[in-house]
**Q** 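Quick one: the structure is below, and I'll ask about it shortly.
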Amino acid sequence: MNFVQELILNLQELATQVPALVKPLIVALAAAIPMVEGEVGSVIGMVGGMHPLAAAAAAVAGNFLTVLIIVLLTSRARTAVVARSTARVGASAGTSSLSTLEDDGDAAVIVPPASAKPESKGRQRVMTWLVRFGVPGASILGPLAIPTQFTSAMLVAAGTSRRWVLLWQAVAIVLWTTVTTVGFWLALTYVVGV
């Protein structure tokens, strides 16, 4: 028995002491953590002795629940900021200290001031994907750069519809969790032999 087989068997033996109804809750809580998400959450469940489908379902639920909460909070925050900015612009006769208006042909475009803090590489990638592939592409490719919770917050903050973001984040979470669950199951079954 090699080290990996022994480690997995020891973890599964430890997991047998946890009641069966609590295991999906543990997986869902693990998947709610950014950077762990559904992908690693399902792996934790499978290593803990759960059936791959049950582990994946619990991980998807935990990950999506946090994305839902973040989308709703970000949407409310964006609505409040936009309302406040609009009120300020109207009160100060069309000028704002937060942004400037530029005439772009037919419509005025609000240009935010340059930030003193540069954007992270992950945020730059997601915004590039948003421009190039739209919300579906940014949602599906986003987990390659940053967690789904951060991607969804950026998409909603950029003005994308909550429903559209939630739909495509759900697709991305299910897709990536399925890919990692199947991959890990195949590795456990055929490579490790557990």
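Residue numbers start at 1 and run along the sequence shown.
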**Q** Counting only N and O atoms by type, is there a donor-acceptor contact under 3.5 Å from the side chain of S139 to the main-chain atoms of P136?
**A**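 Absent.
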**Q** Step by step, would you call I146 with M154 a side chain to side chain contact (heavy atoms under 4.5 Å, CB included)?
**A** CA-CA 11 Å; I146 58 176; M154 284 191 293; 2.9 Å; yes
**Q** Nearest heavy-atom pair of V40 and M35: which atoms, and what distance?
**A**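 Closest approach of V40 to M35: CG2-O, 4.4 Å.
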**Q** Start with the C-alpha distance between V27 and M50, add both sets of side-chain angles, then the distance that settles side chain to side chain contact (heavy atoms under 4.5 Å, CB included), and finish with yes or no.
**A** CA-CA 10 Å; V27 171; M50 289 178 66; 3.5 Å; yes
**Q** How close do V36 and A30 get, heavy atom to heavy atom, and via which atoms?
**A**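 Here V36 and A30 meet closest at CG1-O, 3.1 Å.
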**Q** Could you report the tightest heavy-atom contact between G38 and A59, atom names first, then the distance?
**A**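 Result for this residue pair: O-CB, 3.4 Å.
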**Q** Using modelled atom types and a 3.5 Å cut-off, is there a donor and acceptor pairing between side-chain atoms of S75 and backbone atoms of V71?
**A**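 Side chain of S75 to backbone of V71: no pair is present.
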**Q** Set out, in order, the CA-CA distance, both residues' side-chain angles and the distance that settles side chain to side chain contact (heavy atoms under 4.5 Å, CB included) for I69 and L65, then state yes or no.
**A** CA-CA 6 Å; I69 291 168; L65 182 63; 4.3 Å; yes
**Q** Work out which heavy atom in F64 is nearest to a heavy atom in L166; give both atom names and the distance.
**A**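 The pair with the smallest heavy-atom distance is CE1-O, 3.6 Å.
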**Q** Locate the shortest heavy-atom distance separating P24 from A58; write the atom from each residue and the value.
**A**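 Result for this residue pair: O-CB, 3.5 Å.
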**Q** Ignoring hydrogens and geometry, is there a side-chain-to-backbone donor-acceptor pair from Q149 to T66 under 3.5 Å?
**A**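 Not confirmed, Q149 side chain does not pair with T66 backbone.
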**Q** Are L73 and V156 joined in one hydrophobic group, where the rule is that I, L, V, M, F, W and Y side chains link up if heavy atoms are under 4.5 Å apart?
**A**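 No: no chain of side-chain contacts under 4.5 Å links L73 to V156.
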**Q** Report yes if some heavy atom in the side chain of L72 is under 4.5 Å from a heavy atom in the side chain of R162; otherwise report no.
**A**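 Yes; the side chains approach each other to less than 4.5 Å.
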**Q** Counting only N and O atoms by type, is there a donor-acceptor contact under 3.5 Å from the side chain of W168 to the main-chain atoms of A138?
**A**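 Not confirmed, W168 side chain does not pair with A138 backbone.
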**Q** Using side-chain contact (heavy atoms from CB on, under 4.5 Å) as the criterion, point out the one residue from T181, L175, V179, V174 that pairs with T177.
**A**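 Filter result, single survivor: T181.
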**Q** Rounded to the nearest 0.5 Å, what separates atom CD in E39 from atom OG1 in T178?
**A**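 If I round to the nearest 0.5 Å, the distance is 9.5 Å.
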**Q** Please check this pair: side chain of N10 against backbone of E6, looking for a donor-acceptor N/O pair closer than 3.5 Å.
**A**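 Yes.
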**Q** If you group Ile, Leu, Val, Met, Phe, Trp and Tyr by side-chain heavy-atom gaps below 4.5 Å, do I173 and L167 land in one group?
**A**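 In one cluster with I173: L167, yes.
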**Q** T160 side chain to L155 main-chain N or O, any donor-acceptor pair under 3.5 Å?
**A**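 The answer is yes, because a donor-acceptor pair under 3.5 Å joins these two groups.
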**Q** So does I70 get a backbone contact from the side chain of T74, meaning a donor-acceptor N/O pair under 3.5 Å?
**A**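 Confirmed, T74 side chain pairs with I70 backbone.
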**Q** Group every Ile, Leu, Val, Met, Phe, Trp and Tyr by side-chain heavy-atom contacts under 4.5 Å, then state whether W176 and V67 land in the same group.
**A**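 Yes; tracing contacts between hydrophobic side chains, which count when under 4.5 Å, links both residues.
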**Q** Take atom CG of L186 as the centre, draw a 6.0 Å sphere, and report whether it contains more than 12 heavy atoms from other residues, nucleotides or ligands.
**A**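 Yes, because the 6.0 Å sphere around CG of L186 holds more than 12 heavy atoms from other groups.
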**Q** Is there a donor-acceptor pair closer than 3.5 Å between any side-chain N or O of T16 and the backbone N or O of E13?
**A**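 Confirmed, T16 side chain pairs with E13 backbone.
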**Q** With no hydrogens and no angle check, just 3.5 Å: does a side-chain donor-acceptor pair link S152 and Q169?
**A**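 No, because no side-chain N or O of S152 sits under 3.5 Å from a partner of the opposite role on Q169.
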**Q** Counting heavy atoms not belonging to R78, are there more than 12 under 6.0 Å from its CZ?
**A**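 Yes, because the 6.0 Å sphere around CZ of R78 holds more than 12 heavy atoms from other groups.
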**Q** When hydrophobic residues are tied together by side-chain contacts of less than 4.5 Å, even through go-betweens, does V192 share a cluster with V43?
**A**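 Same cluster.
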**Q** Can you name the closest pair of heavy atoms from F184 and M46 and give their distance?
**A**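 So the two residues come closest at CD2-CE, 3.3 Å.
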**Q** Do I44 and L21 land in one hydrophobic cluster if side-chain heavy atoms of ILVMFWY residues count as linked below 4.5 Å?
**A**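 No, because I44 and L21 fall into different hydrophobic clusters, even though each may have its own neighbours under 4.5 Å.
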